[in-house]
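Lettering follows sequence order; numbering is per chain, from 1.
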2 protein chains.
Amino acid sequence: MTQDDLNNQLKWLFENAMSGISVDCVAFAYQEERLKVLCLRYRNTDIWSLPGGLVFKHESLHQSAFRTLQERTGLDSIYLKQFQTFGEVERANIKEVMSRLVPPFAMEYFPNRSISVGYYALVNHREVIFTQDILTDLTAWHDIEELPAMIFDHVQIINTAVKSLKAQFDHLPLSYHLLPKKFTIGELQKLHEEVLGEKLERSNFQKKILSTAILERIDERKIGGAYKSPYLYRFKREKYEAWVNQVF
Amino acid sequence: MTQDDLNNQLKWLFENAMSGISVDCVAFAYQEERLKVLCLRYRNTDIWSLPGGLVFKHESLHQSAFRTLQERTGLDSIYLKQFQTFGEVERANIKEVMSRLVPPFAMEYFPNRSISVGYYALVNHREVIFTQDILTDLTAWHDIEELPAMIFDHVQIINTAVKSLKAQFDHLPLSYHLLPKKFTIGELQKLHEEVLGEKLERSNFQKKILSTAILERIDERKIGGAYKSPYLYRFKREKYEAWVNQVF
DNA sequence: ACAAAAGTGTTTCACATACACCCATGC
DNA sequence: GCATGGGTGTATGTGAAACACTTTTGT
């Protein structure tokens, strides 16, 4: 990428994007029994960032968040939820981080003040195909407990997204988006424990989940694992959608 | 107000405010046993609007919302909560409303596209002193069930704010901001019923509220009313603050 | 005295929690 | 066989809901 390429891109953005309004996406996945967040690394640096960017003039906020994530992951169906908008005048470590960026990422390419609308997303990491762009050279899932050095206030944005996800996870069957099509109750419970940050009583969890009738048992058992083969379950799509739509 | 005055003001805003980012405040009060919203009427029209405006470059979103409401109400302590950001490309009835506006409010003074960060506020209407500005000639409380014709998508913003308030009212003692210092349990119950939109069982409500120990009974009874004089209560300030702060 | 509201107590039920038990499977 | 996790059943406790009873005060 040359300096000219960058300038052309900036010029295009200036004409087609709103000034000072960006969307940042906290994309969650559940991998190896941990809750992970999608992070991007700026080329030639060890500074990471959330996927996001300026809002185009002709698109809604939701569309902007969707476009951003679709470009990165190739997914065409993504659960998205706006959770908070961030607008402090001085956004955290901006100066300290900027000083560590090497050219051509200089301070002048970032606006003086920016408002960021935060969306969190739930994606199935098994279906994701990463794509890079000219500013980044690496896309990776990071454990929410072990985040790298991040630009602006992105760590705070992630933490807020986690709180918001926790608050909603109780009421909504959001695990639908994070698990494979078929799964065992035990796997579902592990996910709930990871998100809520606490152990749950096994038999009670089973009863509570099954009593909602949102799962259906498949005539098939998980094989290969040690000990008793558990049944596999899947979400009933109609039930799931009715549940999600009814809630604020 | 002359055309020059308006132009000067617009010039000042252009220099000191962010472009395309505004804050809209849904200020709730509880008056005559109804939940009310603060609305402004544009001068020379019958079009109403929420208090709000462009975000200044040097202020945070929260400060912007606070400033907006303080200018209107004279209050220096306001409970504010960001609830959602609105960013559709076409914001509802903009064209239809614009066509009804008389000069000097012409289309050219409104940006092509605007993102609006929604805050709801809880205020004690007894302490409010209304102030007008050059664009508006009337400030009034409107029943949330009987809203006037409003600009942009402000009706939708209000409805979303109401939903958000409902969702939080269960968990938080927000009635603190809407009632006078001293009140009876019956008055508190009426408020809860109005916000939640359903009747509550009297004796259970009393027990539930008192069991939280957030109220203290004053050695004083309400006088003048018919029938048995009820005790007066007030919020314990420490309890209230501990409760609000602990929650997301 | 009576009506209506305020305060208190009691019963019932739903549900979450805790825990006990048996089953199935791989080692 | 046995360790381990999976599936089901049972006892207990807590809190919400429904309702009964008593007290108070203006008319």
J.: What class does the angle between the rings of B:H192 and B:F205 fall in, given that below 30° is parallel, 30 to 60° is tilted and above 60° is perpendicular?
T.: perpendicular
J.: Rounded to whole angstroms, how far apart are CG on B:L232 and P on C:dA5?
T.: 18 Å
J.: Residues two or more places apart in sequence or in another chain: which of them pass ring-ring contact (aromatic ring centres under 6.0 Å, His included) with B:Y231?
T.: none
J.: Would you please name every residue forming a ring-ring contact (aromatic ring centres under 6.0 Å, His included) with A:H62, sequence neighbours left out?
T.: none
J.: Dump every N/O contact between nucleotides 18-22 of chain C and the protein below 3.5 Å, one line per pair.
T.:
from	atom 1	to	atom 2	distance (Å)
C:dA18	N7	A:N204	OD1	3.4
C:dA18	N7	A:N204	ND2	2.8
C:dA18	N6	A:N204	OD1	3.1
C:dA18	N6	A:K207	NZ	3.4
C:dC19	N4	A:S203	OG	2.3

J.: My understanding is that only one of A:K239, A:K236, A:R234 makes a side chain to side chain donor-acceptor pair (under 3.5 Å) with A:E216; could you say which?
T.: A:R234
J.: To the nearest angstrom, how far is B:Q189 atom CD from C:dG7 atom P?
T.: 11 Å
J.: When you match B:K208 and A:T184 each to their closest nucleotide on DNA chain D, which lands nearer the 5' end?
T.: A:T184
J.: Evaluate the ring planes of A:F130 and A:W141, with Trp represented by its six-membered ring, and classify them as parallel (under 30°), tilted (30 to 60°) or perpendicular (over 60°).
T.: tilted
J.: Taking atom P of C:dT17 as reference, at what distance in whole Å does atom CG of A:L200 sit?
T.: 9 Å
J.: Starting from P on D:dG5, measure out to CG on A:L188 and report it in whole angstrom.
T.: 18 Å
J.: To the nearest Å, how far apart are B:Q206 CD and D:dA16 P?
T.: 15 Å
J.: Residues two or more places apart in sequence or in another chain: which of them pass salt bridge (charged side-chain N to carboxylate O under 4.0 Å, His left out) with A:E33?
T.: A:K190
J.: I need the NE2-C1' distance between A:H192 and C:dA16, as an integer number of Å.
T.: 16 Å
J.: Report the distance from atom CG of B:L210 to atom C1' of C:dG9, rounded to the nearest whole Å.
T.: 14 Å
J.: In whole Å, I'd like the distance from the CZ atom of A:F205 to the P atom of D:dG5.
T.: 17 Å
J.: Tell me the salt bridge (charged side-chain N to carboxylate O under 4.0 Å, His left out) pairs involving residues 168-189 of chain B, sequence neighbours left out?
T.: B:K182-B:E220, B:E187-B:K222
J.: Aromatic contact between B:Y176 and B:F183, with the criterion being ring centroids under 6.0 Å apart: yes or no?
T.: no
J.: List, with names and distances, any nitrogen or oxygen atoms from the protein found under 3.5 Å away from nitrogen or oxygen atoms belonging to nucleotides 24-27 of chain D.
T.:
from	atom 1	to	atom 2	distance (Å)
D:dG26	O4'	B:Y227	N	3.4

J.: State whether A:D46 and A:R41 are salt-bridged, where the test is any N-O pair (Lys NZ or Arg NE/NH1/NH2 against Asp/Glu carboxylate O) under 4.0 Å.
T.: no
